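All of these numbers come straight from a predicted model, not from anything done at the bench. In what follows, every chain begins at residue 1, and chains take the letters A, B, ... in the order their sequences are listed.
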Protein chains: 2
Amino acid sequence: MRENLTHAIEDYLKIIFELTLEQPRASTNAIAERMGVAPASVTGMLKRLAANEPPLLEYRKHHGVELTPAGRQVALEIIRHHRLLELFLHETLGYGWDEVHGEADRLEHVISEEMEERIAQRLGEPQVDPHGQPIPTRELILPPHSTLSLDQLQSGQSARVERVEDDDADLLRYLYSVGLVPRAELTVLERSCFDDNLSLQVGAHVVVLGPRVTRQIYVEVL
Amino acid sequence: MRENLTHAIEDYLKIIFELTLEQPRASTNAIAERMGVAPASVTGMLKRLAANEPPLLEYRKHHGVELTPAGRQVALEIIRHHRLLELFLHETLGYGWDEVHGEADRLEHVISEEMEERIAQRLGEPQVDPHGQPIPTRELILPPHSTLSLDQLQSGQSARVERVEDDDADLLRYLYSVGLVPRAELTVLERSCFDDNLSLQVGAHVVVLGPRVTRQIYVEVL
DNA sequence: AAGAAAATTTAGGGTTAACTAAATTATATT
DNA sequence: AATATAATTTAGTTAACCCTAAATTTTCTT
Ligand SMILES: [Mn+2]
Ligand SMILES: [Mn+2]
Ligand SMILES: [Mn+2]
Ligand SMILES: [Mn+2]
């Protein structure tokens with residue numbers, strides 16, 4: 001299913017999958033920004049992926065793309081690799097949760113299905129990675145997960161942290177230092193309407209976080 | 001030291017290093033064969049590597065190449081990655097000695113120095129890989145190792161297996177089945193002059209091996 | 001020392017995946 | 001509805017890395 005595909009293609013599909021969890025289609029510019037390439041480069045790649053046999057995405061000029069089932073499968077395969085690797089590096093080599101992402105981002109493209117399988121077994125078929133992100137099953141089904149980000153909470157609400165975005169090492173170190181890790185419980189003390197800052201009670205601490213941060217933390221309301 | 005270098009370059013340097021353990025220079029055709037590419041492709045790459053700043057090898061038209069100290073360093077770095085990874089896969093994920101090579105051959109190019117270091121620590125600064133091949137030190141010094149291959153032994157000589165080539169999975173499975181693994185002891189019962197076959201006593205077994213096999217096993221005479 | 005064989009290089013081409021600059025299309029504002 | 005702005009695509013390049021076919025150079029054989 002994945003023999004011909006280059007690392008670049010795998011990264012495009014993974015990023016498009018993540019973008020289309022939020023909106024129905026992913027735009028050229030949004031893809032370009034996450035990929036760190038010029039928009040013109042994205043256009044070229046999207047045409048190739050749409051022309052692939054089988055097509056990996058559906059491309060409508062000036063209107064962005066949506067993955068086909070085939071494209072979604074490849075994306076989930078890579079996401080499974082990524083998250084299993086993150087957990088493996090954390091558990092087996094003692095990597096911190098702020099260090100695993102970069103390494104996994106390169107390894108995800110080169111490990112075999114055999115290695116994926118051995119890691120999953122060794123870790124006891126885990127369901128979440130070190131950031132609380134759900135690991136797609138062997139059958140490539142993405143377990144249910146919260147899509148409610150912290151910045152959508154109102155004053156007075158209590159919630160439990162389910163997962164956080166994994167790609168900003170500095171942010172991860174900060175979150176760890178204030179106890180905002182998966183399973184941590186918190187209460188919104190105050191919401192400032194002007195700048196959308198939240199004052200949070202986290203254990204004994206009180207923390208004030210801006211929306212750039214709170215958008216990256218997903219919670220379940222208690 | 002290795003930031004700009006592509007995976008292809010790393011593979012060329014590794015293979016040239018291995019070829020020049022035997023002879024003083026590596027020929028275009030020998031490199032092409034081990035790389036699995038056309039000789040014309042090798043010529044192009046050798047020019048690039050010789051023109052690199054710093055030069056990674058010295059290239060004399062029609063006379064093959066020799067690595068520079070810079071090229072040798074890169075090769076040893078990759079070989080260290082490869083052998084540490086083989087042992088790590090074997091020890092941590094239960095891979096067989098016939099399964100580790102292919103996986104390590106891809107991973108060797110993408111792991112960070114951080115990961116190299118964590119693996120080495122986790123394994124207790126090991127000196128040899130699952131095939132008995134010496135692992136270059138952190139300072140990129142290749143430990144001393146036997147260059148006497150089994151096919152050079154005479155009738156009546158006894159020896160201990162030090163290491164075997166790692167790239168033929170079928171051969172490795174066969175060698176395992178007859179007990180020809182690192183540290184195994186053997187005696188040459190007979191040497192057939194016509195075809196260079198060796199009859200070996202290995203434990204309770206008697207095994208007859210042709211030179212294509214005995215050339216890939218390196219020993220210390222007892 | 002020629003001629004044959006083997007090894008190597010040159011020439012020309014293809015794919016992947018990026019780039020910049022210019023042109024085009026869509027969307028938002030007035 | 002026209003215009004301005006933003007998003008996107010097209011066109012033209014570049015670099016890495018491979019290929020085949022043809023030409024050249026070296027080495028081997030007689
Ligand atoms: Mn990646
Ligand atoms: Mn993660
Ligand atoms: Mn390799
Ligand atoms: Mn080995």
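- Ion pairing of Arg138(A) with Glu125(A) is present here, as a side-chain N (NZ or NE/NH1/NH2) and a carboxylate O approach within less than 4.0 Å.
- A salt bridge does not link Glu91(B) with Arg122(B): none of the charged nitrogens is closer than 4.0 Å to a carboxylate oxygen.
- Put simply, chain B comes within 4.0 Å of DNA chain C, heavy atom to any atom, from dA7(C) to dT10(C), going 5' to 3'.
- Residue Glu108(B) forms a side chain to side chain donor-acceptor pair (under 3.5 Å) with just one option from His7(B), His81(B), His82(B), and that option is His82(B).
- Electrostatic pairing of Asp105(A) and Lys14(A) counts as a salt bridge here, judged by a charged N lying under 4.0 Å from a carboxylate O.
- Remark: Asp151(A) does not engage Arg191(A) in a salt bridge, criterion side-chain N to carboxylate O under 4.0 Å.
- Side-chain atoms of Glu103(A) and Ser112(B) include a donor-acceptor pair closer than 3.5 Å.
- A sub-4.0 Å separation between OP1 or OP2 of dC17(D) and a side-chain N or O of Thr6(B) is present.
- Residues Trp97(B) and His90(B) keep their aromatic ring centres 6.0 Å or farther apart.
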Please set out all donor-acceptor pairs under 3.5 angstrom arising from side-chain atoms of residues 41-58 of chain B, sequence neighbours excluded.
| unit_1 | atom_1 | unit_2 | atom_2 | d |
| --- | --- | --- | --- | --- |
| Thr43(B) | OG1 | Pro39(B) | O | 3.4 |
| Asn52(B) | ND2 | Pro54(B) | O | 2.8 |
| Glu58(B) | OE1 | Arg25(B) | NH1 | 3.1 |
| Glu58(B) | OE1 | Arg25(B) | NH2 | 3.1 |

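- Nucleic acid contact for Ala8(A): sugar-phosphate only, since backbone atoms but no base atoms lie under 4.0 Å from a heavy atom of the residue.
- Listed by chain and residue number, Glu114(A), Arg118(A), Tyr95(B) satisfy the side chain to side chain contact (heavy atoms under 4.5 Å, CB included) test with Glu99(B) (two or more places apart in sequence, or in another chain).
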Heteroatom pairs (N/O) under 3.5 angstrom, protein to nucleotides 23-28 of chain D:
none

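- Using a cut-off of 4.0 Å between Lys/Arg side-chain N and Asp/Glu carboxylate O, Glu113(A) and Arg2(A) are scored as salt-bridged.
- Salt bridge Asp168(B)/Arg212(B): present, at least one basic N to carboxylate O contact under 4.0 Å.
- Comparing Ser41(B) and Ser41(A), the nucleotide of DNA chain C nearest to each residue sits closer to the 5' end for Ser41(B).
- For the 3.5 Å distance criterion, the side chains of Asp166(B) and His101(B) qualify, holding a donor opposite an acceptor.
- Heavy atoms of Thr43(B) sit under 4.0 angstrom from at least one base atom.
- With respect to Glu116(A) and Arg80(A), a salt bridge is recorded, a charged nitrogen being found less than 4.0 Å from a carboxylate O.
- Dashed line: the shortest gap from a side-chain N or O of Tyr12(B) to OP1 or OP2 of dC18(D) is under 4.0 Å.
- Interface residues of residues 16-24 of chain A facing DNA chain C, ordered by number: none; criterion, heavy-atom separation under 4.0 Å.
- A heavy atom closer than 4.0 Å to some atom of DNA chain C occurs in Lys47(B), Tyr59(B), these being the qualifying members of residues 44-60 of chain B.
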